[in-house]
There are 2 protein chains.
Amino acid sequence: MKKVSILDVVEKSGVSLVTVSRVLNNSTTVRESNRQKVLQAMKDLGYTPSSAARSLARGSTGLIGITLQTLGDTVFDGIIHAVNESLEAKGYFLALSIASTAQLDNSAVNHFLFQEDRVDGIILLSTFAEKEYVLELKRKKIPFVIIDNHIEDTKAVTINVDNFIGGYEATRHLLDLGHSQILHISGPELYLSARDRRRGYEQAMTEAGFAPTVIGTDEFNIRCGFNSVKACLAQGIRPTAVFAGEDGLALGAMDAFRDEGYRIPQDISIVGYDDQYFAKEIHPRLTTIRQPMEKLGKEAVRILLDMIDGPSKRSKSVCLKPELIVRESTAECAAHK
Amino acid sequence: MKKVSILDVVEKSGVSLVTVSRVLNNSTTVRESNRQKVLQAMKDLGYTPSSAARSLARGSTGLIGITLQTLGDTVFDGIIHAVNESLEAKGYFLALSIASTAQLDNSAVNHFLFQEDRVDGIILLSTFAEKEYVLELKRKKIPFVIIDNHIEDTKAVTINVDNFIGGYEATRHLLDLGHSQILHISGPELYLSARDRRRGYEQAMTEAGFAPTVIGTDEFNIRCGFNSVKACLAQGIRPTAVFAGEDGLALGAMDAFRDEGYRIPQDISIVGYDDQYFAKEIHPRLTTIRQPMEKLGKEAVRILLDMIDGPSKRSKSVCLKPELIVRESTAECAAHK
DNA sequence: CTGAAAGCGCTAACAA
DNA sequence: TTGTTAGCGCTTTCAG
């Protein structure tokens, strides 16, 4: 039971090896009758070309790597879907590298995706070992782009969403509803995105002539949102609205307020960030900022493939605009009426 | 700027090509001094072997494919993490294939992972095109296993969690707390897992001498859970406990009950299924059934690699036990006291 | 412990 | 339009 190779097709079809190869590569310079003969022979034999041999002969693999920390996030999910689709459309496919937290300590140097020319290019998705990766990828001369970078002024091509504007608009929305006591629950400082969202909030507040009130958290999750609100309330802070730096934080905040007898949105308005899948499913539906996941993924692929095709020209980073989605968790400020 | 190849290492180190290859493959039959020479030369040159050449020469790629529909699910997330880790430990890595809903109509025949011997083996993760995939993979003689199959009696090696037992134990837990009016919100019939969980529930209820009450849903999500409860309440069904076939459904159910003025768990007990990440973060914390994601992933890898190593011997399917996690959303039945 | 020789299956000039 | 001739970079017998 040997593997059928191109030679078997040659024999069966009666044309030369090169012609078969041409059919494989959709060359136009093959007589139609021969093409049919070859195609038929392939079908009869159940022939499929060997990717290894093709990669070796061409010098490229058709594989694009993507590194990430977690999959359990609907924004990343959306991005990866988009990346995957764009890639498939171009004849590439995706190899996954999941950095377990344990690996974070490890140097990027030994990263398997970076070894052995396994991939033609790499997408770094919101990674913490950003600096190391960038260094190593440059050293290895592997084309790459970063989606959602965490380093302020990273020396690489990045695809991002403008988190400053997102934070600004979320706050503006609340301001427009007449709120002035707006609390911001901010994500971990480690994230550039969290820092930018906070700056957007502060800018909007300051512009409006109100004092920003920010409470920081260690993680983007429900429990942190819950605890933050409880802590604020205990300190006597009485906001009429909250801008949470992420939907999970918002959900936790909602839980906490409800726990304290507040009604949403009558007594307290809440804005989240990310538009995670649950945002439109919970009650009340969460007003939030949506990330353009589709576009993020597509742009990343477009730019990366450009870099692979023409290593000469300089690619430019991209910064996309987020979008405010108004749902049921925000309402006009009662005190304002 | 040519790519450094094994020949450059040969030249630099002074030993033969074969010896270099041996060092590459950790052969023990290399004199230590030579090994060092080679290693040093590789380092100096910044040499990394070509995966394509290795694959071609060896006849295997070191790639394992995994197909899935969505990433935004913390159970899948956990499984993939586990798969990824086990795989890396064995020197393999993961290629991802995400079936967009659009692709579901397509035949598996053209699936890129299945072409060109791209992968040494495949893990099918909870796929709907199961039947087609199984057929095609068998035809192509690509080793594969299925995690969470949807076809009752699929002709393939599967790694599963016993959903019947899960459903049974969830219900038993409620029964043990004195509940007898237990509503089951079941997932879509399309899922074997949903059907099994329901059977477990029905069995437990029947054994206890109570009548099962099941309401079906179209999807595993929050909104369906919410609507189901609202519908039941409207119909005059007044359960003291709910076993939801999935955590999202449970979350929606909690929302609905709260909306109707019920307190959890004082007035109504809720059990979910899956132990999604939010289960332990919401308020009250959700009692649920945890899937052994770690084990699922590990077993899948173990079995798959076994199949790849020894295609001769028959691999056996595996069925793991789920675990009840008791948290705050369940309490003794008030009427029962 | 080491090396020479023979591929792995395909693509890419270069001619014809 | 087709075929000939070289490799692509590595692993693997099989002798030494």
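Chain letters run A, B, ... following the sequence lines, proteins first and then strands; every chain starts at 1.
- If you check D:dG9, C:dC1, D:dT12 against the side chain of B:T29, the one that comes closest is C:dC1.
- Backbone-only contact: A:V30 has heavy atoms under 4.0 Å from sugar-phosphate atoms and none from a base.
- In this entry the distance linking CG of B:L56 with P of C:dC10 reads 9 Å, nearest Å.
- Qualifying ring-ring contact (aromatic ring centres under 6.0 Å, His included) partners for B:Y191, counting only residues two or more places apart in sequence or in other chains: B:F128, B:H150, B:F220.
- Taking atom CE on B:M42 and atom C1' on D:dC10, their separation rounds to 11 Å, with Å as the unit.
- C:dG9 atom P lies 16 Å from atom CZ of B:R118, rounded to whole Å.
- Atom CG of A:D8 and atom C1' of C:dC8 are 14 Å apart (whole Å).
- Distance B:N26 CG to D:dT11 P: 11 Å, rounded to the nearest Å.
- Every residue was checked against the side chain to side chain donor-acceptor pair (under 3.5 Å) condition with B:S5, not counting sequence neighbours, and none meets it.
- Here A:D120 pairs with A:T61 under the side chain to side chain donor-acceptor pair (under 3.5 Å) rule; sequence neighbours left out.
- The side-chain heavy atoms of B:F76 and B:L68, taken from C-beta on, include no pair separated by under 4.5 Å.
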Which atom pairs link the protein and nucleotides 3-6 of chain C when you take only N or O atoms and keep those under 3.5 Å?
residue, atom, partner, partner atom, Å
C:dG3, OP2, B:S16, N, 3.1
C:dG3, OP2, B:S16, OG, 3.0
C:dG3, OP2, B:T19, OG1, 2.7
C:dG3, N7, B:R22, NH1, 3.2
C:dG3, O6, B:R22, NH2, 2.4

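- Between A:R31 and the phosphate of D:dT2, there is a side-chain N or O to OP1/OP2 separation shorter than 4.0 Å.
- Separating the CD1 atom of A:I6 from the C1' atom of C:dA12 is a distance of 13 Å, rounded to the nearest angstrom.
- At D:dT11, one or more side-chain N or O atoms of B:R54 fall inside 4.0 Å of OP1 or OP2 (strictly under the cut-off).
- Residue order along DNA chain D, read from the 5' end via each residue's closest nucleotide, puts A:E32 first among B:A57 and A:E32.
- Remark: B:D8 does not engage B:K12 in a salt bridge, criterion side-chain N to carboxylate O under 4.0 Å.
- Between the C1' atom of D:dT11 and the CG atom of B:L24 lies a distance of 10 Å, rounded to the nearest Å.
- Scanning for side chain to side chain donor-acceptor pair (under 3.5 Å) contacts around A:S317 gives A:T158, with sequence neighbours left out.
- With rounding to whole Å, B:R35 atom CZ is found 10 Å from C:dC1 atom P.
- Sequence order on DNA chain C of the closest nucleotides to B:T28 and B:A53 puts B:T28 first from the 5' end.
- Partners of B:S60 by side chain to side chain donor-acceptor pair (under 3.5 Å), not counting sequence neighbours: none found.
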